[in-house]
Amino acid sequence: MTDRELDAAGITDPALRAAYRHCRALNARHGKTYFLATRLLPVERRPAVHALYGFARWADDIVDSLDPGAGPDVRVRALSRLQGELEEGLRRGGSGEPVVRALADTAHRYAIDHAHFRDFMTAMRSDLVVTAYPTYADLRAYMHGSAAVIGLEMLPVLGTVVPREEAAPYAAALGVAFQLSNFLRDVGEDLDRGRVYLPADLLAGHGVDRELLVQSRATGHPDRRITAALKEFEALTRGVYRTAVPGIDLLEPVARPCIRTAAVLYGGILDTVARDGYAVLHRRSAVQRRRRAVVAVDGLARVAAARLRARTGPGDRPPACARPLPAAAPSPAMAACSAEEVA
């Protein structure tokens, strides 16, 4: 399947193909939700998405997943090396580092603004020194580089039916919504790393501070004040989704099922956290595999329906296997039909 994606994208150089494969492997291992959604894109656009997210995953790994014994200086040096590779790769249009090589190629193919990558690296460096955010405005300033620019990088790959600048605020907001969902899910893990992404003023409004979070994490005892704060953060995040989701209709039709599926899956994190009683300090909430399968097959059916409409015209009704699914679990026949159509 990787060869088919690379062939469709016109990527022929062996070293460059290997670089894209490396990025794809990073996403398959670390970004299961978005990797699944990416499968709904036309094959020729998937390598670019893997390059963009592969680079983001690599930088994030330096910040969070490096050897736990590595001190801040080691991480700073690693990010500095990556920054140097990035700048050189964007300038030359290539790099000896596979992830940067694929990223530079994607940036050139889709004319992606290089400032987005620099803003992202600024946010990654801030994670090494900033451990809390006084207000939501402070958090949003950080998320411009850590999340909003990812949506902006994606726009040229996805394509739009309106001028790109009209769709840009929605794309940025959706990137922020995805990250806010992750922040809510990962409160406990982030606290272990010394970071609290929930705004301090939001927490204080419910009588919560870092010390209370640490105590609850250590003892495993829930606290109604923490639950109330998490519920407010959830409501804030849902508001960002409401702002962002209308922008999906501004994308090219072939890209909409991918992004709509990603939005449903990431939004499902909020539902899962609520269903688990907001126990994110004590265990990680994960969207159930069955739910992921239902959403993915629905996305596949939407892709199949869009392709059939393009072939048969708007007045013809597509066959049953190409119609969007109801909320019930997918039938094996529907899944097989949709998967075959999109593969």
Side-chain angles (χ1 to χ4, degrees), residues 9 23 27 31 33-34 37-38 40-42 44-57 59-60 86-87 90 102-126 133 136-183 197 236-267 299 302 306:
C23 292
N27 291 333
T33 295
Y34 206 84
T38 300
L40 303 178
L41 283 175
E44 70 275 7
R45 304 193 195 191
R46 296 175 197 170
V49 177
H50 293 316
L52 295 174
Y53 272 79
F55 179 80
R57 292 287 172 189
D60 190 64
L86 171 67
E87 296 291 348
L90 292 175
L103 180 77
D105 183 69
T106 290
H108 174 73
R109 286 171 184 265
Y110 289 94
I112 299 172
D113 188 345
H114 293 180
H116 297 327
F117 305 118
R118 299 184 183 109
D119 288 347
F120 173 77
M121 291 301 297
T122 297
M124 293 300 98
R125 287 194 299 274
S126 77
Y133 295 86
Y136 182 58
D138 296 312
L139 183 63
R140 283 298 296 254
Y142 160 77
M143 288 191 295
H144 167 74
S146 65
V149 297
I150 303 297
L152 297 175
E153 292 167 11
M154 286 284 293
L155 266 188
V157 179
L158 300 173
T160 61
V161 295
V162 297
R164 192 179 300 167
E165 58 270 18
E166 185 177 334
Y170 297 97
L174 194 57
V176 168
F178 289 172
Q179 186 163 63
L180 288 172
S181 298
N182 287 341
F183 284 162
Y197 287 105
L236 181 155
T237 304
R238 291 189 187 277
V240 178
Y241 275 104
R242 287 193 294 271
T243 297
V245 165
I248 296 175
D249 288 335
L250 305 183
L251 302 175
E252 288 185 3
V254 294
R256 293 172 194 167
C258 166
I259 304 305
R260 198 175 303 279
T261 296
V264 171
L265 289 173
Y266 275 97
R302 290 177 185 274

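- Side chains of Leu180 and Tyr197 form no contact here, defined as non-hydrogen atoms less than 4.5 Å apart.
- Of the inter-residue distances, the one linking Asp138 atom CG with Tyr133 atom OH reads 9.0 Å to the nearest 0.5 angstrom.
- The side-chain hydrogen bond (donor to acceptor under 3.5 Å, both in side chains) analysis of residues 236-253, with sequence neighbours excluded, yields the pairs Arg45-Glu252, Ser181-Tyr241, Glu234-Arg238, Arg238-Asp271, Asp249-Arg260.
- Not counting sequence neighbours, the partners of Arg109 by the salt bridge (Lys or Arg N to Asp or Glu O under 4.0 Å) test are Asp105.
- Once rounded to the nearest 0.5 Å, the distance linking CD of Glu153 with CG of Leu52 reads 5.5 Å.
- Rounding to the nearest 0.5 angstrom, the gap separating the CG atom in Leu250 from the CG atom in Leu158 is 12.0 Å.
- Minimum heavy-atom separation, Leu90 to Ala107: CD2-CB, 4.1 Å.
- Scored by the side chain to side chain contact (heavy atoms under 4.5 Å, CB included) test, Ala123 finds Tyr142, Ser146 as partners (sequence neighbours excluded).
- In this structure, Glu44 has no salt bridge (Lys or Arg N to Asp or Glu O under 4.0 Å) partners at least two apart in sequence or on a different chain.
- For residues 161-170, no pair satisfies side-chain hydrogen bond (donor to acceptor under 3.5 Å, both in side chains), with sequence neighbours left out.
- The two residues Ala9 and Pro47 have their closest heavy-atom pair at CB-CG, 4.1 Å.
- Counting non-hydrogen atoms of neighbouring residues, nucleotides and ligands closer than 6.0 angstrom, the NE2 atom of His108 reaches no more than 12 such neighbours.
- Contact check for Leu155 versus Leu251: side-chain heavy atoms found under the 4.5 Å cut-off.
- Side-chain contact check for Leu174 versus Ile259: some heavy-atom pair is nearer than 4.5 Å.
- A donor-acceptor contact shorter than 3.5 Å links the side chain of Asn27 to the backbone of His50.
- The CD1 atom of Ile112 sits 9.0 Å away from atom CE of Met154, with the distance rounded to the nearest 0.5 Å.
- Partners of Tyr136 according to the side-chain hydrogen bond (donor to acceptor under 3.5 Å, both in side chains) rule, which considers only residues two or more places apart in sequence or in another chain, are Arg140.
- Between Cys23 and Ala102, the shortest heavy-atom contact is SG-CB, 3.8 Å.
- Contact check for Thr122 versus His144: no side-chain heavy atoms found under the 4.5 Å cut-off.
- Taking the six-membered ring where tryptophan is involved, the planes of Phe178 and Tyr266 are essentially parallel, since the angle between them stays under 30° and well short of 60°.
- Counting all heavy atoms, side chain and backbone alike, Ala263 lies closest to Ile248 at CB-CD1, 4.4 Å.
- Atom CG of Leu103 is separated from atom CZ of Phe117 by 4.5 Å, given to the nearest 0.5 angstrom.
- Residues Phe55 and Met121 have side chains in contact (heavy-atom distance under 4.5 Å, counting atoms from C-beta outward).
- In this structure, CZ on Arg118 lies 7.0 Å from CG on Leu86, to the nearest 0.5 angstrom.
- A 4.5 Å side-chain heavy-atom check between Phe183 and Met143 finds at least one atom pair inside the cut-off.
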